[in-house]
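Here's the structure we're looking at; comments come further down.
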Amino acid sequence: MKISVINYKLQLALLFILISWITFTVFWNSTKLWSALNLSTSFHYWDNSTKSLTPKIPLIPLKSLTETELRIKEIMEKLDQQIPPRPFDHVNTTTSAAHSTASILNPRDTYCRGDQLDILLEMRDHLGHRKQYGGDFLRARMSSPALMAGASGKVTDFNNGTYLISFTLFWEGQVSLSLLLIHPSEGVSALWRARNQGYDRVIFIGQFVNGISQVHSECGLIPNTSAELCQYMDNRDQEAFYCMRPQHIPCAALTHMSSKNKQVSYLSKQEKSLFERSNVGVEIMEKFNTISVSKCNKETVATKEKCKLGMTATIPSGYVWRSTWNPVSCSLATVEMKECLRGKFIYLMGDSTIRQWMEYFKASINTLKSVDLHESGKLQHLLAVDLDRNINIQWQKHCYPLIASMTYSVKEIEYLSRAIDRTGGEKNTIVVISLGQHFRPFPIDVFIRRALNVHKAIQRLLLRSPDTMVILKTENIREMYNDAERFSDFHGYIQYLIIKDIFQDLSVSIVDAWDITIAYGTNDVHPPQHVVRNQINILLNYIC
């Protein structure tokens with residue numbers, strides 16, 4: 001009996017020791033696990049830093065969605081609803097410009113200047129069947145080449161295969177109407193799906209300095225490799241860029257960058273056929289006669305007030321006549337540039353389409369002198385000054401993604417939100433920002449995040465310096481037949497809508513380069529000088 005009691009007590013003691021050991025082990029391991037999780041979470045909390053990563057550390061920390069993430073999600077969901085998937089069984093079932101019909105509503109023998117001309121468009125497929133849904137990417141334009149006149153038309157999609165195309169007859173004379181089917185709805189759906197599927201249509205080549213030699217490495221927005229990585233992270237704004245780390249070279253040794261198209265596509269062979277040159281930008285109204293517009297003895301048009309910041313935007317925003325841009329809601333004066341810019345600090349930030357403005361200023365003001373900032377390449381930071389008039393104009397490129405076949409320096413590269421934060425601002429400071437073209441080949445969340453971060457930076461600027469003038473220049477339309485999957489104007493149009501949506505609550509003005517370049521019919525990412533001059537004239541009228 002005693003032996004069995006002893007054995008029982010011994011068993012209890014052993015059981016207690018075993019439980020204690022298990023508890024300690026679990027606590028110890030869980031503490032190590034918690035530390036590891038904390039490490040991976042806090043890993044991203046530094047600003048403008050570089051760090052070498054191994055695949056063992058998660059690239060995206062586990063945490064609740066931030067306000068920015070929620071806003072990105074909200075905008076993307078809205079866009080997904082506006083661009084739903086479309087069935088695509090055969091090219092014959094896609095929208096056909098040749099089979100679609102356009103008819104003038106309430107046609108008249110005589111049209112008067114200022115009238116609105118409406119056209120009902122009924123879309124059909126290549127078999128002649130009526131389309132039952134919308135979503136076609138159309139471009140409406142009216143023009144009078146002899147008068148060097150042009151304007152965009154307003155397109156209303158009824159989402160049932162019919163569209164209302166509205167033209168305001170701004171001038172007298174013979175007017176030609178054009179309605180281009182840029183992409184059928186099936187092509188739009190394919191472009192949208194493909195765009196948001198991958199980050200590797202364009203790859204970047206980073207140049208690292210190793211003593212007197214240079215080492216090149218592949219870089220990009222989202223890494224798709226198990227190799228050790230260099231991460232270039234702005235933690236506050238959650239924007240990052242990665243390079244495969246060269247052996248025995250620190251991440252901070254990255255000095256230059258270039259890019260090239262990668263032979264990758266997320267379109268099927270059948271979908272690609274929709275973007276062959278013969279299927280892009282097809283005229284729907286080929287058989288339309290010109291419209292004759294008369295003055296009709298109408299009263300003289302009321303004088304419009306001078307263009308100024310904060311005016312309500314219209315669609316279309318204006319028209320070209322005698323090669324000069326005329327806004328709908330206000331009037332532009334001819335401004336003497338040198339005197340207008342006296343005492344002004346102008347910061348031009350963004351892509352090469354706003355660098356065109358810098359080049360125009362330098363060519364037009366002979367007293368502006370370029371300052372050598374000891375950088376190299378076409379994308380170098382530019383500064384020009386007129387010391388007598390105290391004019392200071394500078395341009396700097398935006399941060400990744402920055403697409404360029406030529407090699408450019410990244411030693412001084414920074415996100416525009418950081419550049420805006422460095423700007424003191426006041427009544428003689430003008431900040432002009434242009435974003436878009438370099439974002440077209442990448443999923444839309446990259447552009448939305450950048451636009452939101454710039455929005456927050458402008459908010460901060462206007463809080464500390466409410467007299468600062470901030471202008472947004474929207475994208476130009478570009479070459480129509482140039483690699484639709486990467487650079488289609490459909491991508492640019494979506495970004496144009498996003499910019500107008502995100503910045504509508506701020507006291508900023510927009511130079512609507514999208515509408516202006518449609519009116520001029522340029523189809524060139526870098527439009528001619530006379531178009532740039534008219535864009536800049538809007539800026540000068542805002543300033544003076």
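Remember, predicted model here, so these are calculated numbers, not experimental data.
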Cation-pi, Y481 ring and R277 (6.0 angstrom, 45 degrees): yes

F170 six-ring centre to R113 NZ/CZ under 6.0 Å and within 45° of normal: no

Ring centroid separation Y520 to H530 under 6.0 Å: yes

Donor-acceptor under 3.5 Å ([X] side chain, [Y] main chain):
X    : Y    : result
N196 : I444 : yes
T474 : W514 : yes
K344 : I430 : no
S465 : G424 : yes
N453 : D237 : yes

Is any side-chain N of the basic residue among [X] and [Y] closer than 4.0 Å to the acidic one's carboxylate O?
X    : Y    : answer
R460 : D421 : yes
R478 : E475 : no
R440 : D489 : yes
E283 : R139 : no

[atom1] of [X]: more than 12 outside heavy atoms within 6.0 angstrom?
X    : atom1 : answer
K427 : NZ    : no
E74  : CD    : yes
Y199 : OH    : yes
I315 : CD1   : no
K154 : NZ    : no

To the nearest 0.5 angstrom, please state how far the [atom1] atom of [X] sits from the [atom2] atom of [Y].
X    : Y    : atom1 : atom2 : result
L274 : H183 : CG    : NE2   : 9.5 Å
I119 : L177 : CD1   : CG    : 5.0 Å
H526 : Q356 : NE2   : CD    : 5.5 Å
I458 : T423 : CD1   : OG1   : 10.5 Å

Where V335 and C544 come nearest, the two heavy atoms and their spacing: CG1-CB, 4.3 Å

Inter- and intrachain pairs under side-chain hydrogen bond (donor to acceptor under 3.5 Å, both in side chains), touching residues 313-326, at least two apart: S317-D515

Listed partners of C399 passing disulfide (SG to SG under 2.5 Å), at least two apart: none

Parallel, tilted or perpendicular: ring planes of F442 versus F204, cut at 30 and 60 degrees: parallel

Ring geometry between F490 and F137 (parallel below 30°, tilted from 30 to 60°, perpendicular above 60°): perpendicular

Sub-4.5 Å side-chain heavy-atom contact between T407 and M257: no

Side chain proximity check, V410 to T255, heavy atoms < 4.5 angstrom: no

Salt bridge (charged side-chain N to carboxylate O under 4.0 Å, His left out) between K73 and E69, worked out: CA-CA 6 Å; K73 186 171 181 286; E69 300 291 345; over 6 Å; no

